[in-house]
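Read the structure below first, then the notes.
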Amino acid sequence: SGSAKEGWYDVIFVRFADDMLSWESEAVQIYLPDAGPPSLDVKHPSLAKGKMVQLPSGDMLAPMYGGFKGDSQSIHRAILVRSTDQGRTWKFYSSIAYDPVDPHPEIPGQYLSACEPSITLLPNGKMVAMLRTQYTQYPGEYKPMAVCWSDDLGITWTKPVTTQPHLMNISPTL
């Protein structure tokens, strides 16, 4: 939901302190100064289903998707937010992917650009993001998943590349 301060959004955050045996919820804030009008099915960028990553510094990164000012309202942008205080506040960190033009119009399906990002930090320090590119789930219409890479802990990302062979699914989880 919106906040009294421009660009800040209140969200409910769930913490599991004991290997998911019990949990507590709390209100936290996310700062997204460029969040735009609704894109497709989300009013403002939303936390993705993928898990968070803790960097060697202790900072945390969380994947999100939605739209920014100036983006097409018929597709999504995949982004990262960063917390330096163990998840109490989050701020925009980087865009993982956004391409308003379908790079593969020859593949059947409704193009979504970059949705439901899932990220992971590899032992060599690189990060990988898996993205959903298909909007609907009609039979025979499945744009393949796409992958992006980062060599600088998620600050910059390569252009999305479709998986080979094409992995067709929703809700990617690394």
Side-chain angles (χ1 to χ4, degrees), residues 1-15 24-55 57-103 109-121 127-137 143 145-150 152-161 170-174:
S1 67
S3 178
K5 295 184 285 184
E6 178 90 19
W8 286 92
Y9 297 88
D10 300 318
V11 296
I12 299 300
F13 191 82
V14 178
R15 290 186 192 274
E24 292 182 18
S25 65
E26 64 185 275
V28 301
Q29 290 196 318
I30 297 177
Y31 181 61
L32 299 168
D34 293 324
S39 64
L40 289 174
D41 52 350
V42 295
K43 285 185 175 182
H44 51 78
S46 300
L47 290 165
K49 299 170 186 168
K51 58 186 177 174
M52 297 174 191
V53 166
Q54 187 164 24
L55 299 176
S57 67
D59 292 356
M60 297 166 56
L61 299 179
M64 298 182 73
Y65 65 95
F68 275 16
K69 295 172 187 165
D71 287 357
S72 167
Q73 292 182 16
S74 62
I75 59 175
H76 289 308
R77 172 187 297 268
I79 67 170
L80 284 180
V81 290
R82 180 178 125 198
S83 176
T84 59
D85 61 5
Q86 295 299 301
R88 287 170 185 77
T89 57
W90 298 84
K91 292 183 179 178
F92 174 77
Y93 185 65
S94 68
S95 280
I96 299 172
Y98 173 78
D99 191 348
V101 178
D102 184 353
Q110 185 176 353
Y111 179 64
L112 186 57
S113 186
C115 185
E116 298 177 349
S118 180
I119 60 171
T120 196
L121 177 62
M127 291 185 73
V128 63
M130 178 79 70
L131 308 166
R132 174 180 172 177
T133 67
Q134 170 70 32
Y135 179 54
T136 56
Q137 293 94 26
K143 297 273 187 198
M145 295 286 181
V147 178
C148 299
W149 296 89
S150 175
D152 55 12
L153 297 177
I155 296 170
T156 61
W157 293 86
T158 61
K159 281 191 84 62
V161 175
I170 59 171
S171 193
T173 305
L174 293 173

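Bear in mind that the values here come from a model prediction, so they are computed numbers and not experimental data. Quick note: numbers below take in every heavy atom, side chains included, and nothing from hydrogens, waters or symmetry partners.
In this view, Pro100 and Ile75, Tyr98 satisfy the side-chain contact (heavy atoms from CB on, under 4.5 Å) rule, not counting sequence neighbours. Residues passing the salt bridge (Lys or Arg N to Asp or Glu O under 4.0 Å) test with Lys69, sequence neighbours excluded: none. Legend: residues meeting side chain to side chain donor-acceptor pair (under 3.5 Å) with Ser95, ordered by chain and number and at least two apart, are Arg77. Checked against salt bridge (Lys or Arg N to Asp or Glu O under 4.0 Å), Asp59 has the following partners two or more places apart in sequence or in another chain: Arg82. Shown here are the side-chain contact (heavy atoms from CB on, under 4.5 Å) partners of Thr120, two or more places apart in sequence or in another chain: Leu122, Val128, Leu174. Asp102 is linked by a salt bridge (Lys or Arg N to Asp or Glu O under 4.0 Å) to Lys143, counting only residues two or more places apart in sequence or in another chain. With sequence neighbours excluded, the residues forming a ring-ring contact (aromatic ring centres under 6.0 Å, His included) with Phe92 are Phe68, listed by chain and number. Not a single side-chain contact (heavy atoms from CB on, under 4.5 Å) links Lys51 to another residue, sequence neighbours left out. Val14 meets the side-chain contact (heavy atoms from CB on, under 4.5 Å) test with Phe16, Trp23, Ser25; sequence neighbours excluded. Residues that satisfy the side chain to side chain donor-acceptor pair (under 3.5 Å) test with Glu26, not counting sequence neighbours, are Arg15. Applying the salt bridge (Lys or Arg N to Asp or Glu O under 4.0 Å) criterion to Asp34, with sequence neighbours excluded, gives no partner residue.
Between Asp71 and His76, the side chains place no donor N or O within less than 3.5 Å of an acceptor N or O (distance only, hydrogens not considered).
Here salt bridge (Lys or Arg N to Asp or Glu O under 4.0 Å) pairs that include residues 85-101, with residues two or more places apart or in two chains, are Asp99-Lys159.
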